[in-house]
Amino acid sequence: MTHIPSPLSPAALATVARLNEISGENVHKCMQCGTCSAVCPMVPSMRLTTRAAMQLLQFGEAEEVSRAEMAKLCASCHTCTVRCPRGIDVARVFEAVRLLTLRDNDDMITLREIPAETLESAPPIAFIAAFRKLTA
Amino acid sequence: MKLSYYPGCTLKNKAQNLELAALASLRALGVEVEEMPRWNCCGAVYSLAQDDLIHQVAPVRNMIRAMERGSDAVVTICSQCYNTLARANRLMANDEEKRGTLNLFMDEEPDYHGQVQALHLLQLLRDHVGWERVRAAVKVPLTGLKAAPFYGCSLVRPCEVSILEQVEARALPVVDAAPPVDPSLGPGSRILEDFLAALGADVVEFPASTECCGAYQVIANPSAANDRAGKVLSAAVHAGVDTLVLSCPLCEYNLGTRQDQGNDKLAALPRVSTIYFTQLLAIALGLADVCQTELNNDATRRLLRARGHVASPAL
């Protein structure tokens, strides 16, 4: 059997491997049907669709996905996970993208920017969930 | 069946109206639940990373506390607590390797393998009290109240912890099989709807009932969260609901409380009432005075006053 070398750089291959390791999923199972984009409640606020982000991740472009604030805006509502016809737990994939940023010690929330009214009125689970998900 | 009640942080704080109404109603229904001692934070969100076991320690410790008391189940009311405890519990029951690591890490605790059930209060009402008993205990039927169930995310997703379905959807063959239609879904598949029907309310079909409310993004990306709330609430207005019925303090904050906070995404919409399912239960059982409606939004108080469930001054 002829060995066809991957067109991806070693760094990109390493990113794909890392994403798959953290998420326990295989981003290459994605067949680009776009169901996740159609059901994602946050897509209108994101700079990429979920499908486009999955394609970039197949090429190891996690940084571009992070720059588009995909992982920051994903609230892990799991709609994509339960609808994916390929059985990919997409919420876990975006958790992995999030962790690649957070594990570099980069927070995704600026605490000073939280309005006083929110600090006063929001329930504790809002803060715990936001800090768990979005701070290093 | 011995039950341990796990309140979680928010029910002792901003969502006391969720807790007190539930506890008073359970007493009225003759169900004994005791708050478990030494409960700790559930973690609020379930950790989705395979290599992050430390965040499973908190929810698992709560399950161990319940096991030590000889409980068969932990009952939660908050949707986030339910989701986190139920998922961590499934991990302990099904993943031998991770269970081993966690038990070894918590070597001061007795070993645990997921033997205590994690239940949401709605499941307790459906499976252990029964809608018939609830119906029989109703003193003030909610006749004519157009109530729309709002499940949000945590009560129904992922499938393996959904309070609706008891099938392993993820274990079914994907791609080449038709979507599963399981007749056993019948009784459990409309839990909030059945609950509201038992209280005598008119259940309104509502297309956004399992959508995201914006969740904790209200802290990090309030504009995105406001967009979500706006979409859910406008769907509710279109469906002609009197009130949304919730189980989650985060949903209540995003959809209810924030309507009264000058949220410009919601400004163009009529005000929508949002009420916890436990408050409706208490009202129907004749216990309206435990409902603490001062913690709800203005529209809810107006609705309950107009229906004569609460006295006028509580605005």
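Reminder, nothing fancy here: chain letters follow the sequence lines and each chain counts from 1. Please read these numbers as outputs of a predicted model, since none were measured by experiment.
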Is there a donor-acceptor pair closer than 3.5 Å between any side-chain N or O of B/Q279 and the backbone N or O of B/Y276? yes
So B/L11 and B/Y5, side-chain contact (heavy atoms from CB on, under 4.5 Å) or not? Walk me through it. CA-CA 12 Å; B/L11 274 70; B/Y5 164 54; 3.6 Å; yes
Please flag which part of A/A75 lies under 4.5 Å from any non-hydrogen atom of chain B: side chain, backbone, both or neither. both
Would you say the ring centroid of A/H78 lies under 6.0 angstrom from that of B/Y46? no
Answer with side chain, backbone, both or neither: which region of B/S154 has an atom nearer than 4.5 Å to a non-hydrogen atom of chain A? neither
Between B/A225, B/A215, B/A224, who has the most heavy-atom pairs with chain A when the cutoff is under 4.5 Å? B/A224
Less than 4.5 Å to any heavy atom of chain B: does that hold for the side chain of A/E21, its backbone, both, or neither? backbone
Against chain B, label A/L73 side chain, backbone, both or neither, depending on which of its atoms sit under 4.5 Å from a heavy atom there. both
A/S23 portion near chain B, given a 4.5 angstrom heavy-atom threshold: backbone
Against chain B, label A/L134 side chain, backbone, both or neither, depending on which of its atoms sit under 4.5 Å from a heavy atom there. side chain
Check whether A/I22 gets within reach of chain B through its side chain, its backbone, both or neither, counting any heavy atom under 4.5 Å. both
Under 4.5 Å from any heavy atom of chain A - which part of B/E211: neither
Side chain B/R157, main chain B/T210, donor-acceptor under 3.5 Å: yes
Scored by heavy-atom pairs under 4.5 Å with chain A, the best of B/I219, B/N254, B/L250, B/T257 is B/I219
Measuring heavy-atom distances to chain B, does A/P115 have an atom under 4.5 Å in its side chain, in its backbone, in both, or in neither? neither
Test your reading of the model: is there a side-chain donor-acceptor pair from A/R51 to the backbone of A/S37, 3.5 Å cut-off? no
Examine distances only and state if a side-chain atom of A/R98 and a backbone atom of A/C74 form a donor-acceptor pair shorter than 3.5 Å. yes
Using atom types as modelled and distance alone, determine if a side-chain donor or acceptor of A/Q58 lies under 3.5 Å from a backbone N or O of A/C30. yes
Would you call the rings of B/Y82 and B/H120 parallel, tilted or perpendicular, taking 30° and 60° as the class edges? perpendicular
Note: B/E294-B/R301 ion pair, threshold 4.0 Å (strictly below): no
Tell me, for B/A15 versus chain A, whether the close heavy atoms (under 4.5 Å) come from the side chain, the backbone, both or neither. neither
Okay, A/R83 and chain B: the region with an atom under 4.5 Å from a heavy atom over there is neither
Counting only heavy atoms closer than 4.5 Å, note whether B/C78 contacts chain A via side chain, backbone, both or neither. side chain
Pick whichever of B/G152, B/S47, B/P222 has the most heavy-atom pairs under 4.5 Å with chain A. B/S47
